[in-house]
Amino acid sequence: MQISVQIESASGTPPPLDYRWDADTEILTATVREPAAGEKGTGLSGSVDVQGGDGSWLVFDVARGGIRGVEVAVWPELRTVGRLAPPAVAEFSRVVVPTDESPDAIAALEVDQPLVAETDEDERTIHFRIGAPRRTRTIRLASDLLLDVDARNRLAGVWLLNVPPLPGVA
């Protein structure tokens, strides 16, 4: 099963992204700051969990249909590549997880998909690929959060940019 999304145009400046590390568990949470007052959405509220075959977990936080953040709950093996650069073109958009249920449904969805993670040498840029490699376009959800979406509007990857170091690690 794949995660289907809807892409909605957005204007203005992408919202900031706040990172939080849990030093004990090495869980990384990236949260999109709340939209400006008056911006409303409808749809699913809850989580969309992607479980990799190696036991890794990415958890997407969804509020009123919009993806509001991502948590790396269990890390897949990180492959370090010399120079990892995000795509040069990333359109700023709102990404919505559609639901066939009531407009304000509360739910949790779990999807099993292979997860691959690459990082640069400084571990400041991290790219997670969800599922098989395929052609994608990149959406800027927040200042330092990009999503790869395939031609059928299915989530194919996540870019975390300017990731702060894990506390206590030199």
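It should be emphasised that the depicted structure is a prediction, and the values quoted were computed from it without experimental measurement.
- Legend: residues meeting side chain to side chain contact (heavy atoms under 4.5 Å, CB included) with Ala73, ordered by chain and number and at least two apart, are Trp57, Val59, Glu71.
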* side chain to side chain contact (heavy atoms under 4.5 Å, CB included) between Trp21 and Val163, intermediate numbers included -> CA-CA 10 Å; Trp21 279 103; Val163 176; 4.1 Å; yes
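- Checked by atom type and distance alone, the side chain of Ser143 never pairs as donor or acceptor with a backbone atom of Pro14 at under 3.5 Å.
- With sequence neighbours excluded, the residues forming a side chain to side chain contact (heavy atoms under 4.5 Å, CB included) with Asp24 are Asp22, listed by chain and number.
- For residues 116-136, the set of pairs meeting the ring-ring contact (aromatic ring centres under 6.0 Å, His included) definition, not counting sequence neighbours, comprises Trp75-Phe128, His127-Trp159.
- Thr80 has its side chain out of reach of Asp120: every pair of non-hydrogen atoms, C-beta onward, lies at least 4.5 Å apart.
- Here Asp122 pairs with nothing under the side-chain hydrogen bond (donor to acceptor under 3.5 Å, both in side chains) rule; sequence neighbours left out.
- Annotation for Leu166 and Ala23: closest pair CD1-CA, 4.2 Å, computed over non-hydrogen atoms.
- When the side chain to side chain contact (heavy atoms under 4.5 Å, CB included) test is applied to Ala156, the partners found at least two apart in sequence or on another chain are Arg134, Thr136, Asp148.
- The distance from atom CG of Leu147 to atom CD1 of Ile3, rounded to the nearest 0.5 Å, is 10.0 Å.
- The salt bridge (Lys or Arg N to Asp or Glu O under 4.0 Å) search around Arg140 returns none, not counting sequence neighbours.
- Note on Ile67 and Tyr19: same hydrophobic cluster, where clusters join Ile, Leu, Val, Met, Phe, Trp and Tyr whose side-chain heavy atoms are under 4.5 Å apart, directly or indirectly.
- Linking ILVMFWY residues whenever their side-chain heavy atoms come closer than 4.5 Å, directly or via other members, places Val32 and Val72 in the same cluster.
- Partners of Asp54 by salt bridge (Lys or Arg N to Asp or Glu O under 4.0 Å), not counting sequence neighbours: none found.
- What you find for Ser47 and Asp49 is that their closest heavy atoms are OG-OD1, 3.4 Å.
- Asp61 meets the salt bridge (Lys or Arg N to Asp or Glu O under 4.0 Å) test with no other residue; sequence neighbours excluded.
- Contact detail for Ser56 and Pro76: the closest heavy-atom pair is CB-N, 3.5 Å.
- When every heavy atom of Ala63 is checked against every heavy atom of Arg68, the shortest pair comes out as CB-CG, 3.6 Å.
- Thr31 pairs by the side chain to side chain contact (heavy atoms under 4.5 Å, CB included) definition with Thr29, not counting sequence neighbours.
- Follow the hydrophobic side-chain contacts under 4.5 Å out from Val116 and you never reach Val158; the two are in separate clusters.
- With a 4.5 Å cut-off on side-chain heavy atoms, Leu155 and Val48 do not count as touching.
- Looking at residues two or more places apart in sequence or on another chain, you find no side-chain hydrogen bond (donor to acceptor under 3.5 Å, both in side chains) involving Arg137.
- Separating the CG atom in Leu161 from the CZ atom in Arg124 is a distance of 10.0 Å, to the nearest 0.5 Å.
- Within the structure, salt bridge (charged side-chain N to carboxylate O under 4.0 Å, His left out) pairs that include any residue of residues 2-13 comprise Glu8-Arg94 (at least two apart or interchain).
- The distance from atom CD1 of Ile130 to atom CG of Leu115, rounded to the nearest 0.5 Å, is 6.0 Å.
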* To do: Take Phe60 and Val50 through the side chain to side chain contact (heavy atoms under 4.5 Å, CB included) test and state the conclusion after the steps.
  => CA-CA 8 Å; Phe60 293 90; Val50 179; 3.9 Å; yes
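- With values rounded to the nearest 0.5 angstrom, Leu78 atom CG is found 6.0 Å from Ile126 atom CD1.
- In this view, Asn153 satisfies the side-chain hydrogen bond (donor to acceptor under 3.5 Å, both in side chains) rule with no residue, not counting sequence neighbours.
- Cluster membership check: Ile139 shares its hydrophobic cluster with Val70, using side-chain heavy-atom separations under 4.5 Å among Ile, Leu, Val, Met, Phe, Trp and Tyr.
- With a 4.5 Å cut-off on side-chain heavy atoms, Val95 and Ile7 count as touching.
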* Test side chain to side chain contact (heavy atoms under 4.5 Å, CB included) on Val81 and Thr119 and set out the steps. => CA-CA 6 Å; Val81 295; Thr119 184; over 6 Å; no
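- Leu84 CG to Thr125 OG1: the interatomic distance, rounded to the nearest 0.5 Å, is 6.0 Å.
- Within the model, atoms CG of Asn162 and CG of Asp144 stand 4.0 Å from one another, a figure rounded to the nearest 0.5 Å.
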